[in-house]
S.K.: 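Got a structure for you, questions after.
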There are 2 protein chains.
Amino acid sequence: MRKRTIEDYVELVYDLQKGKKRVHTNDIASSLSINPASVTEIFQKLNAEGYVSYKKYSGIKLTDKGKNIALRIKKKHNTLKEFLILLGIDSKIAENDACEMEHILHPSTMDTIIKFVEVIKKCEVTPFWLERLKGYVRSGKLSKCPPEIYELCQNFQKIKD
Amino acid sequence: MRKRTIEDYVELVYDLQKGKKRVHTNDIASSLSINPASVTEIFQKLNAEGYVSYKKYSGIKLTDKGKNIALRIKKKHNTLKEFLILLGIDSKIAENDACEMEHILHPSTMDTIIKFVEVIKKCEVTPFWLERLKGYVRSGKLSKCPPEIYELCQNFQKIKD
DNA sequence: TATATAATTTAGGCATACCTAAAAATTAAT
DNA sequence: ATTAATTTTTAGGTATGCCTAAATTATATA
């Protein structure tokens, strides 16, 4: 696996913190299958950089700074997952890929994807191209674009030019 | 930057190899702004794992295994870049994000994206939703879906049910 | 061909993200 | 309230991907 970033930990702490006051070394350790001793080091680092407040032997708690970052990333994560699921990708895989993508995409790419999801979600009917895509992924066969659709697009294009 | 993988190097070697017999430490070193001494180590590793053949002081050359991997990744890369550009993302940014995504996406996600690009490219006219998305990204304003389109999609959906 | 210059490799170092083992603190059970 | 069990921390270790400096090999020039 790639090296885990501060963002990864902050996000995880946020999730584990739900319904408890503080997050303890063992919570993270068992959740990531790493050694509690390693988690102590991570806590110290997160604390030093102001993402959490840490008291020896009593776990950590996200600071406002940490919470903001967590929320920012989780928003990205959810949008990306939604995006992938929209395209027909299995939700477990979407979850995973979103997890990777959330750290690497350029803000403007993120912005486009956010708007993409928004546009598709605003449609009351499943867009036609999406039906075609899903069918193609499922069967390996790409159905023909119905001439009505084609004509419409063509007309709209003419209007623009 | 994230830790560079074997894949990164193999891909780079492939590109640098164009028009020359062998790739030398300095080619990689200057291309990545890392120390030639580090590149020697990388060469030894690539050689040990069979991706290149390496002769001390005379650079490396991709093996068939290495070449296959390079081609596989470059194909992913190109598709991802194309995909992002289709969505209206600036080509320099698309290049960069593709570079990151190519290593992380699940094969089935990759497959869907490949087919997505294929479907859109097969259209002789720019699909309508894509026009709307681009307009939205550009202006922040989302145009209404024309009723003709809406009706068509609705009809097709009825046929399916 | 001898020598200067450039490219490459070796040897050893540093940072980091993890590890294990053992010490210290906390919590639970009698 | 002791003592036992659990959790957490400390101390020290490993692997890796980079580094610098110095040694070695290759190449270019006189």
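Below, chains carry the letters A, B, ... as their sequence lines are ordered, and counting in each starts from 1. Excluded from the calculations below are hydrogen atoms, water molecules and symmetry mates; all remaining heavy atoms, backbone and side chain alike, are included.
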S.K.: Identify, between E41(A) and Y57(A), the residue whose nearest nucleotide on DNA chain D lies closer to the 5' end.
M.R.: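 Result of the comparison: Y57(A).
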S.K.: Please state how far atom CZ in R22(B) lies from atom P in dA7(C), giving the value in whole angstrom units.
M.R.: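 Interatomic distance, CZ of R22(B) to P of dA7(C): 18 Å.
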S.K.: Please tell me if R4(A) has a side-chain N or O lying less than 4.0 Å from either OP1 or OP2 of dC18(C).
M.R.: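 The answer is yes; a side-chain N or O of R4(A) sits under 4.0 Å from OP1 or OP2.
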S.K.: Give the nucleotide from the list dT20(C), dT20(D), dG17(D) with an atom nearest to the side chain of N35(B).
M.R.: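 From the listed options, dT20(D) comes nearest.
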S.K.: Give the minimum heavy-atom separation between D97(B) and I104(A), together with the two atoms involved.
M.R.: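 Answer, listing the atom of D97(B) first, then I104(A): OD1-O, 3.8 Å.
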S.K.: Between L32(A) (CG) and dC18(C) (P), how many Å, whole number?
M.R.: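 Nearest whole value for this atom pair: 8 Å.
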S.K.: Find the distance L46(A):CG to dA17(C):C1' and express it as a whole number of Å.
M.R.: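 From L46(A) CG to dA17(C) C1': 13 Å.
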S.K.: Please determine whether a side-chain nitrogen or oxygen atom of N26(B) lies at a distance below 4.0 Å from atom OP1 or OP2 of dA6(C).
M.R.: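 Result: no.
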S.K.: Provide, to the nearest angstrom, the distance between the CG atom belonging to D27(B) and the P atom belonging to dT8(C).
M.R.: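 About 7 Å, once rounded to whole Å.
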S.K.: Return the value, rounded to whole Å, for the distance between atom CG of D8(B) and atom P of dG17(D).
M.R.: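 Taking atom P of dG17(D) as the reference, CG of D8(B) is at 11 Å.
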S.K.: Look at H24(A) and dT7(D) and indicate whether a side-chain polar atom (N or O) is within less than 4.0 Å of OP1 or OP2.
M.R.: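 Answer no for this pair, as no side-chain N or O of H24(A) is under 4.0 Å from OP1 or OP2.
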S.K.: Under 4.0 Å from OP1 or OP2 of dT10(C): is there any side-chain N or O of Q44(B) that close?
M.R.: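 Yes, within the criterion.
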S.K.: Of K45(A) and K56(A), whose closest DNA chain C nucleotide lies nearer the 5' terminus?
M.R.: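 Taking each residue's closest nucleotide, the earlier one in sequence belongs to K45(A).
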S.K.: Rounded to whole angstrom units, what separation is found between the CZ atom of F43(A) and the P atom of dT7(D)?
M.R.: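 After rounding, the reported distance stands at 14 Å.
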S.K.: Is the distance from OP1 or OP2 of dC18(D) to the nearest side-chain N or O of S38(B) less than 4.0 Å?
M.R.: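 No, because none of the side-chain N or O atoms of S38(B) sits under 4.0 Å from OP1 or OP2 of dC18(D).
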S.K.: Kindly point out which of dC18(C), dA11(C), dT9(D) is positioned nearest to the side chain of A37(B)?
M.R.: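 The answer is dA11(C).
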S.K.: Looking at S33(B) and A29(B), would you say the former's side chain and the latter's main chain have a donor-acceptor pair under 3.5 Å?
M.R.: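 Looks like no, no N/O pair under 3.5 Å.
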S.K.: Hey, does the side chain of T25(B) come within less than 4.0 Å of dA7(C)'s phosphate (OP1/OP2), counting only N and O?
M.R.: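 So the side-chain polar atoms of T25(B) never come under 4.0 Å of the phosphate oxygens OP1 or OP2 of dA7(C).
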S.K.: Rounded to the nearest Å, what distance is computed from the CD1 atom of residue I34(B) to the C1' atom of nucleotide dT9(C)?
M.R.: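 Checked: the CD1 to C1' distance equals 15 Å.
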S.K.: Is it possible for you to check whether K141(A) lies under 6.0 Å from the centre of the six-membered ring of Y136(A), through NZ or CZ, and within 45° of that ring's axis?
M.R.: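 No, K141(A) and Y136(A) do not form such a contact.
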S.K.: What is the separation between atom CD1 on I28(A) and atom C1' on dA17(C), rounded to the nearest whole Å?
M.R.: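 About 15 Å, once rounded to whole Å.
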S.K.: Going from CG on L80(A) to CD on E82(A), what distance comes out if it is rounded to the nearest 0.5 angstrom?
M.R.: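 So the gap between those two atoms works out to 10.0 Å.
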S.K.: Are the side chain of D27(B) and the backbone of H24(B) linked by a donor-acceptor contact shorter than 3.5 Å?
M.R.: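 Yes, because the side chain of D27(B) sits within donor-acceptor range (under 3.5 Å) of the backbone of H24(B).
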